[in-house]
Student: 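Can you keep this structure in mind? I'll have questions shortly.
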Amino acid sequence: MARHLVTSALPYANGPIHFGHVTGAYLPADLHVRALRQRGEEVLYVCGADEHGVAITIGAEKDKVPYPEYVARWRDEIKQTFDAFDIRFDVWSGTSICPEHAATSQEFFRVLDGKGYLQVKQTEQLYCEHDRMFLADRYIVGTCHECGHEEARGDECPKCGQWLDPLRMPKTACKVCGNAPVRRSTTHWYLDLPKLRDEGLGRWFADHAWKPNVRAFVGNMLEDLQPRPITRDMGWGVPVPVDLARGESGKVLYVWFDAPIGYISFTKEWARSQGRPDEWRRWWQDAGTRLVHFIGKDNIPFHCVVFPAMLFGMGEPWILPTDVPANEFYNLQGGKFSTSKGWTVPVAEFMGKFDAQATRFHLAASMPENSDSEWRFEDFQTTNNSLLADVVGNLAQRVLRFLEKNFDGRVPEVPAHLVEELDRAILEECGAFGDPIEELLQTRFRRAAEVFIQNGRVANVYIDRLAPWALKKTDPVRCGAVLATACEWLVWMARWMAPFMPKKAQALWEQLGLAGRADEVMAQAMPSMGAWRTLTAGAKLGTPIGLFPKIEDAAIAAEIEALKARART
RNA sequence: GGCGGUGUAGCUCAGGGGUUAGAGCAGUGGCUUCAUAAGCCACGUGUCGGGGGUUCAAAUCCCUCCACCGCUACCA
């Protein structure tokens with residue numbers, strides 16, 4: 001049994017997150033973590049906001065609020081979204097507030113420098129005197145040096161598609177203020193990625209199992225690797241250690257250098273809060289830890305090359321990622337999610353009208369695991385109505401209501417002579433069932449959702465075959481035994497449901513009259529003949545209430561209309 | 001431009017060199033009535049994007065073409 005250190009990409013604290021982020025990097029991690037816990041594994045789930053970088057300074061200045069206030073606002077807003085989705089981290093922090101973050105980041109810089117993995121280079125860059133900052137390529141607009149297009153961005157020309165060098169562009173302007181930037185020389189530190197690759201990172205990557213999208217992308221990247229600058233000229237970020245700055249001032253670590261270190265500093269923060277400040281080493285410096293990063297595909301270069309290179313460069317005993325199950329992108333109703341264009345689903349508003357638990361399930365069932373996928377309101381309705389309500393919710397209802405009406409709301413007895421027959425009936429004769437928890441452990445989320453529903457079908461088939469309503473008059477004892485067996489299956493349904501929809505699972509658990517929690521550690525992985533029943537005959541059941549209310553067509557139509565209306569304004 | 005992905009039943013997708021290509025949803029017919037007009041059973045259709053090649057055999061491998069999409073790391 002390994003220790004599992006699970007991370008989700010640190011959300012950038014300059015805007016809200018949407019369903020795409022949730023299903024890309026957070027929900028899968030949460031599902032994986034819950035499945036691990038249910039199997040009794042030791043898990044730590046780490047996340048927090050990424051709060052440095054030039055985009056944040058620009059955003060804050062635009063809003064006329066101090067940087068710390070700006071990031072705090074988004075940090076809290078984003079956290080509320082996670083809370084709404086029942087995504088539960090063991091630690092949630094932020095790179096600008098975590099007390100351990102700056103020192104940890106500087107330690108990385110110091111060690112990598114000491115080991116010769118950093119290079120110092122002087123280059124010319126465009127500098128905006130008005131905004132007093134060096135301009136990243138995307139903050140430059142100007143004339144394309146290839147085709148003469150006048151509104152090219154500094155990194156790429158939208159017209160001819162050429163990759164641009166801002167220093168060669170005949171005419172440029174700062175995208176923020178519109179003024180013409182000047183050339184200015186500056187010094188920066190570069191992470192020597194080719195050297196790290198050649199000294200072992202390349203082998204590490206080659207020897208590892210990866211999702212196909214990750215392998216293809218990184219494999220290419222490793223062939224043509226350049227040293228990468230890891231410092232910037234700005235006042236917001238982790239400062240380059242003074243004693244290593246070679247007399248330079250105003251240098252901070254590049255946001256992508258310090259952001260992944262957040263996983264480590266947040267772990268330290270968590271350890272300290274537990275009263276065991278050294279505990280973090282067990283998670284980051286012990287080969288028994290399995291480190292898994294959940295990210296969207298846009299983060300692949302950083303989590304599969306840059307950050308591993310940094311960890312590798314730190315040397316023993318630091319561990320490297322075990323797996324990076326990157327997802328593709330999630331679209332919305334035929335288009336890309338775009339907060340600025342209004343093509344998005346405001347989470348708080350949505351949660352006021354629809355069920356967060358069912359939403360989790362639908363996001364899992366439509367997750368962009370192997371290719372881009374999308375949220376469609378009609379599909380959400382189908383998942384909720386035809387799968388969750390009809391197959392699973394109604395299953396619980398038909399069993400529990402029957403017992404409520406005819407058996408005083410108690411678990412009937414299963415006479416010894418019927419146990420084997422009924423075990424065989426439901427476990428062997430009503431169709432194949434699978435283990436959703438195992439699928440979640442294997443990070444096959446769509447499959448997990450599918451298997452869960454299939455397991456509900458098995459019990460529906462069982463009930464139809466055994467027809468307890470017919471037995472009611474002819475053989476009440478057998479009727480009770482049939483239903484008690486169905487109840488046992490519902491106990492398993494609640495367990496299987498727990499990672500996907502923890503609150504619904506708990507509700508079902510209580511309807512079954514059970515104390516404790518539906519997500520408690522499972523004593524065995526799957527039901528098996530003669531060894532899967534846990535209920536006590538005569539135990540009082542809870543009150544059956546429909547778990548999944550149907551969603552009306554009109555509600556879906558209204559959402560689609562509202563989405564279109566938002567996009568127009 | 002480079003790299004990569006996708007293209008399989010009306011829809012969403014799974015599968016992946018070898019018996020008659022699968023699931024769910026939607027549709028049709030039947031059964032049932034415990035249940036959220038729920039459940040169960042049965043049924044249909046597919047040139048597996050086009051073309052070429054390898055092979056005893058390809059949806060599955062190779063080449064090419066077409067369509068759509070993503071990424072292209074000094075913006076997170």
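Proteins get letters first, then strands, A, B, ... in listed order; numbering begins at 1 in each.
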Student: A/F548 near the nucleic acid: base, sugar-phosphate alone, or nothing, with a heavy-atom cut-off under 4.0 Å?
Tutor: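 Here A/F548 touches the bases of the nucleic acid.
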Student: Would you say A/K405 places a side-chain N or O within less than 4.0 Å of OP1 or OP2 belonging to B/A35?
Tutor: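 The answer is yes; a side-chain N or O of A/K405 sits under 4.0 Å from OP1 or OP2.
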Student: Can you check whether A/W469 stacks with the B/C34 base, using ring centres under 5.5 Å and planes within 30°?
Tutor: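 Check passed, A/W469 stacks on base of B/C34.
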Student: At under 4.0 Å between heavy atoms, what does A/R232 touch on the DNA or RNA strands: base, sugar-phosphate, or nothing?
Tutor: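 Sugar-phosphate only.
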Student: Please tell me which of the listed nucleotides, B/G39, B/C75, B/C69, lies nearest to the side chain of A/D372?
Tutor: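 Closest nucleotide to the A/D372 side chain: B/C69.
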Student: Which part of the nucleic acid, if any, lies within contact of A/L547, taking any heavy atom under 4.0 Å across all strands shown: a base, the sugar-phosphate backbone alone, or nothing?
Tutor: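 Base contact - A/L547 has a heavy atom under 4.0 Å of at least one base atom.
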Student: Describe the nucleic acid contact of A/D224 in one word from base, sugar-phosphate, nothing, applying a heavy-atom distance below 4.0 Å.
Tutor: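 Touches a base.
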Student: Kindly indicate whether the side chain of A/D390 and the base of B/A38 share any N or O donor-acceptor pair separated by less than 3.5 Å?
Tutor: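 No pair found.
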Student: So what does A/L225 touch, heavy atoms closer than 4.0 Å: a base, only the sugar-phosphate, or nothing?
Tutor: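 A/L225: base contact, heavy atoms under 4.0 Å.
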Student: Below 4.0 angstrom from OP1 or OP2 of B/G24, is there any side-chain N or O of A/R457?
Tutor: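 A/R457 to B/G24 OP1/OP2: no side-chain N or O under 4.0 Å.
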Student: In this structure, how many angstroms lie between the C1' atom of B/G15 and the CZ atom of A/R444, rounded?
Tutor: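 So the CZ-C1' distance, A/R444 to B/G15, works out to 14 Å.
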Student: Is the phosphate of B/A26 approached by A/S386 (side-chain N or O, under 4.0 Å from OP1 or OP2)?
Tutor: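 Looking at the OP1 and OP2 atoms of B/A26, one of them is under 4.0 Å from a side-chain N or O of A/S386.
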Student: For A/N460, which contact category applies under a 4.0 Å heavy-atom criterion: base, sugar-phosphate, or nothing?
Tutor: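 The answer is sugar-phosphate, as A/N460 gets under 4.0 Å only of primed atoms, P, OP1 or OP2.
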Student: Counting just side-chain N and O atoms, does A/K297 come under 4.0 Å of either OP1 or OP2 of B/G5?
Tutor: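 A/K297 to B/G5 OP1/OP2: no side-chain N or O under 4.0 Å.
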Student: If I compare all heavy atoms of A/L400 with all of A/P544, which pair ends up nearest, and what's the gap?
Tutor: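 Between these two residues, the closest heavy atoms are CB-CB, 3.7 Å.
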Student: Are any of A/K336's side-chain N or O atoms less than 4.0 Å away from OP1 or OP2 of B/G70?
Tutor: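 Result: yes.
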Student: Ring centroid separation for A/F361 and A/F500, is it under 6.0 angstrom?
Tutor: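 Aromatic pair counts; centres sit under 6.0 Å.
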Student: Is there a Watson-Crick or G-U wobble partner for B/A38 with both distances under 3.5 Å, and if so, which one is it?
Tutor: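 The base-pairing partner of B/A38, which may sit in any strand shown, does not exist here.
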Student: Is NZ or CZ of A/K472 both nearer than 6.0 Å to the six-membered ring centre of A/F402 and within 45° of the ring axis?
Tutor: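 Verdict for A/F402: a cation-pi partner in A/K472.
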Student: By the 4.0 Å heavy-atom rule, please label A/G393 as base, sugar-phosphate, or nothing.
Tutor: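 Contact class for A/G393: base.
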Student: Say you pick atom P in B/U28 and the same atom in B/C63; how far apart are they, in whole Å?
Tutor: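 The answer is 46 Å between these two P atoms.
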Student: State, without any angle test, whether A/R398 and A/N460 hold a side-chain donor-acceptor pair at a distance under 3.5 Å.
Tutor: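 Yes, A/N460 and A/R398 have a side-chain donor paired with an acceptor closer than 3.5 Å.
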Student: Do you see a donor-acceptor pair shorter than 3.5 Å between the side chains of A/E559 and A/Q381?
Tutor: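 No, no side-chain donor-acceptor pair sits under 3.5 Å.
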Student: Please report the distance separating the C1' of B/G7 from the corresponding atom of B/U47, rounded so that it comes out in whole Å.
Tutor: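 Their C1' atoms lie roughly 15 Å apart.
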